[in-house]
Amino acid sequence: MALIEKLKLLLVELKNRILLFKSYKAQMSPELLYLYQYQNEKLNRYDLIVRYLMIDYLLGKNDSGRDLYIKMQMSRAGGNKKFELDFLNKEKGLKDLVVTMQQEGYRDKSPIISNKDNRLFDGAHRLAAALYFKVPTVTVVRSQDSNPSYGMEFFAKYFDDNEIRLIQQTEKKILDEIKPKEVLTEILNSQKQEFGRGIFYQSFEEIDIVGQRPTEERFKIYGLAQYLTPSMKVLDIGSNCGFFATYISRHVKYVEGLEINQSLVDISNMTKLLLGRKNINFQQGDFSKAKFNNTYDFILSFAVHYWIGLDIETYARRLWNMLNANGYVLFESQNIEVQDVDWDEKIASFLGGGFVEIESGSLCDDNKIKRKFSLLKKI
Ligand SMILES: C[S@@+](CC[C@H](N)C(=O)[O-])C[C@H]1O[C@@H](n2cnc3c(N)ncnc32)[C@H](O)[C@@H]1O
């Protein structure tokens, strides 16, 4: 190959690498990056907490942070002398980082490295320090495929009960200091959203979040307090940011939310984690393809059937099959002047498919779109 061709190829390769690098680079608050280290409400990176405690120790705020840190580094080495030395040498790096942070603030020169799901690969000292000193944002490069895990199983093996208790108390303190509204808004803004007109689609009064549609008001308009009971299992189809599902979780035994958009599922899961709710489960998925292991006493189908795209008979049949005996569907339209001009025919399909109508109503809760709803009971 001629030299000029080789150079051209090299240039293309270089350009692609730069593009790839750019698309993988993000600015993120340390709180949000920390929250991404949770999976099913379990923290996979307790090493961050130990580093946090070590920083606290270096600033003279506790006595045990260094012991925990040294123990953790030795345990990570798993008896390998070379690794032990490498890990122990990192203590100096952390000390230097703390001094620099105090003198100059966070120097965001070398990015934190994660995988595409923001799971930490490299930069745990920097993330712990950024969290500790409440730095506004850090740079993250999502360039790795793998990520190490230091979950509670690892720590339970090497640490005693008192040490675990301190680690867990510190974890709770960090979570308590995170402001839900700020991190949830950060995720919302990190991706262009189809629904919500630039703000959340659903409001959540409990954490001071304004949305296109007011959750507590909707709950009242539908008259849900009258029908939901503490023994019920509920499914919310197209649960969006999960605020409606989280709100009603206080009224029922269990709520499941299915949502096609992963960033909305992230918001839902983080809300659940930050509010400490246990009886909710959010899944990413497309309703038209999803398989369900559960059956439900109450299904919420709010402004979603049009997006799912199944014909209404098939949709009604599917919901009927997913309901327990005497179960309910609360079926809400899209815009009755646009997508649901044939709303009465749609309700007729439900009535012909094994449901009776218990209640019906209309709402215009966002002062823009007129909708109707119907409470249908399986017979
Ligand atoms: C108009 S919003 C309604 C949100 C929520 N049900 C409410 O009324 O507050 C429609 C939601 O359904 C989700 N969605 C669209 N198609 C879906 C599908 N096939 N399976 C699950 N969710 C879907 C969208 O991402 C969006 O969050």
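All residue numbers refer to positions in the sequence shown, counting from 1. Heavy-atom basis, side chains included; hydrogens, waters and symmetry copies ignored. When a ligand or atom number is given, it counts from 1 through the structure's own listing order. Quick caveat: nothing in here was measured; it's all calculated off a predicted structure.
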Whether [X] lies under 4.0 Å from ligand 1, heavy atom:
{"X": "Y201", "result": "yes"}
{"X": "G285", "result": "yes"}
{"X": "R218", "result": "yes"}
{"X": "A303", "result": "yes"}

Output field: ring centroids Y315/W320 closer than 6.0 Å: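 Here the rings of W320 and Y315 have centres that are no less than 6.0 Å from each other.
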Is there a nitrogen or oxygen of [X] sitting under 3.5 Å from a nitrogen or oxygen of ligand 1?
{"X": "D286", "value": "yes"}
{"X": "D236", "value": "no"}
{"X": "V304", "value": "no"}
{"X": "S288", "value": "no"}

Against heavy atoms of N240, which atoms of ligand 1 measure under 4.0 Å?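 What qualifies from ligand 1 is 4 (C), 26 (C), 27 (O).
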Numbering the atoms of ligand 1 from 1, which are under 4.0 Å from a heavy atom of Q202?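 Listed by number with element, the hits are 5 (C), 7 (C), 9 (O).
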Classify the contact between L264 and ligand 1 as side chain, backbone, both or neither, using a heavy-atom distance cut-off of under 4.0 Å.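 Answer for L264: side chain.
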For D67, all residues meeting salt bridge (charged side-chain N to carboxylate O under 4.0 Å, His left out), sequence neighbours excluded: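 Salt bridge (charged side-chain N to carboxylate O under 4.0 Å, His left out) list for D67, sorted by chain: empty.
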Using the test salt bridge (charged side-chain N to carboxylate O under 4.0 Å, His left out), find all partners of E182 that sit at least two apart in sequence or belong to another chain.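 By the salt bridge (charged side-chain N to carboxylate O under 4.0 Å, His left out) rule, E182 matches no residue at all.
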